[in-house]
Amino acid sequence: MKSVALHNLGCKVNAYEIDVMQQLLQEKGYKIVPFDEKADIYIVNTCTVTNIADRKSRQMLHKAKKMNPEAIVVATGCYVQADSEIVEKDEAIDLAIGNNKKGEVVRIIEEYLSEHRASDTMIDINHTDRYEELELKKTADHTRAYIKVQDGCNQFCSYCIIPYARGRVRSRRPEQVIEEVEGLVRSGYKEIVLTGIHLSSYGIDFIHKDSEDYLEQGMNEKDIAQKRGYLLQLIGGLNELEGLERIRLGSLEPRIITEDFACALSKLDKICPHFHLSLQSGSDSVLKRMNRKYNTQEYANTVEILRRYFNDPAITTDVIVGFPGETREEFEETRKFVSEIGFFEMHIFKYSKRKGTTAAVMKDQVSDQDKNERSEQLLAIESQMSETYRLSMIGKTVMTLFEEKKQIGDRMLWIGHTPEYVKIGVESDEDLANRILPCMVSGPVLGGICIAKTGNF
Ligand code: SF4
């Protein structure tokens with residue numbers, strides 16, 4: 001029996017795909033071992049979103065080869081997709097499997113094992129409209145399952161390499177998503193998180209098949225998708241599933257949150273009031289250079305709509321500092337804007353030049369020192385905003401889905417999350433794993449965890 005060690009880098013879509021690859025290999029009788037053990041085959045599911053992600057991907061591939069020079073080292077995913085000559089260039093890599101080919105991992109590895117080469121391991125991702133159907137039965141996390149419903153992106157933000165690594169928008173048929181989630185619910189999962197490379201585009205590729213009438217009226221694809229409400233229909237279908245308790249949405253584009261969308265969402269009882277709306281910059285001129293399709297006023301309106309339909313929802317976001325040409329004044333606009341919005345969490349990224357993108361050749365690249373300073377400033381604001389949101393939980397009764405028991409400082413605590421994704425910790429001798437219980441948040445907040453008590457309140 002051959003042993004396989006897998007390691008994942010990057011986003012939740014990648015995490016979903018590596019879980020499926022592991023499952024496929026296990027079903028074929030391969031033995032799964034931890035990545036730091038000696039294995040016959042190593043698989044690194046790579047990421048290329050930043051230079052650091054590229055570097056980490058390379059490091060893990062080299063680490064694998066070093067651990068066992070006899071092993072077959074397989075690089076899968078975005079880093080190899082974006083640079084398909086990588087196998088020739090890097091002697092640590094024996095085999096590269098591109099995106100849309102991960103479902104064939106067993107066939108490809110077995111071909112390589114018998115012939116020392118494998119065919120058809122990569123496609124031209126920019127010219128495919130096929131969604132690669134994968135099905136997940138379980139994940140390492142036993143309470144929350146991340147479900148991939150969409151791949152690819154048509155947005156071409158000027159800094160982003162992802163459309164070149166993931167191709168154009170391809171969506172998964174709702175029946176398939178529902179079938180997968182039904183299986184996961186039967187296995188005990190209570191919460192699902194819908195993910196995609198550009199979740200807000202879910203369904204725009206169904207349009208040509210479903211909406212000739214709208215196309216004839218000259219409507220664009222985005223508007224048709226919104227009119228057809230593909231994403232809402234999918235969420236509505238999932239909301240009906242018995243045994244499923246929570247639906248969390250992955251990153252959304254602000255423009256999808258219209259009054260109608262928010263109103264319809266708020267009527268679905270399983271939706272978590274936790275919305276990740278990518279901001280990237282709080283300066284309109286920077287947003288324009290980034291080729292983002294909204295301005296700060298529209299963004300603020302979106303947040304206002306959500307706050308009207310949901311009771312104090314958790315709004316989280318991503319921000320890039322040091323985008324080419326970002327002046328002190330533009331950064332100041334961002335600093336002011338994020339403070340005004342009041343996020344629960346903010347992920348801050350320093351702009352990373354990606355070869356082949358429009359922003360890579362823009363003039364006035366920002367120095368590393370300025371990027372570091374700006375990032376530090378936003379991190380300080382982030383930690384303050386997060387603490388304020390957590391403190392606002394004190395005195396409230398919150399439904400918490402418990403995951404695991406952990407040592408936090410000198411206390412053993414059961415850790416779980418509220419629908420807003422606030423971390424809760426309670427002391428209990430009972431086994432709380434995978435249970436949803438009402439908790440009274442008593443405080444204090446310790447290292448980002450709100451201390452609470454379970455009981456009937
Ligand atoms: S929306 Fe923009 S940032 Fe997000 S994946 Fe697409 S191109 Fe990249």
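Numbering of residues begins at 1 and proceeds along the displayed sequence. Read the numbers this way: they start at 1 and go in the same order the structure lists the ligands and their atoms.
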Ignoring waters, protein N/O/S atoms under 2.8 Å from atom 8 (Fe) of ligand 1 are C160 SG

Is the NZ or CZ atom of R173 positioned over F206's six-membered ring, under 6.0 angstrom from the centre and within 45° of the axis?
yes

Nearest neighbour of atom 4 (Fe) of ligand 1 from the list E253, Q280, R292, on a heavy-atom basis:
R292

Name all residues meeting the salt bridge (charged side-chain N to carboxylate O under 4.0 Å, His left out) criterion together with R172; count only those two or more places apart in sequence or in a different chain, and write none if there are none.
E133, E180

Would you call E17 and K148 a salt bridge, using N to O less than 4.0 angstrom?
yes

Restricting to pairs with a member in residues 89-98, which pass salt bridge (charged side-chain N to carboxylate O under 4.0 Å, His left out), not counting sequence neighbours?
K65-D94, D83-K89

One thing to verify: whether R144 and E403 come together as a salt bridge, which I'm taking to mean a side-chain N less than 4.0 angstrom from a carboxylate O.
yes

Could you tell me which residues satisfy ring pair (Phe, Tyr, Trp, His ring centres under 6.0 Å) with F156, sequence neighbours excluded, listed by chain and number?
Y164

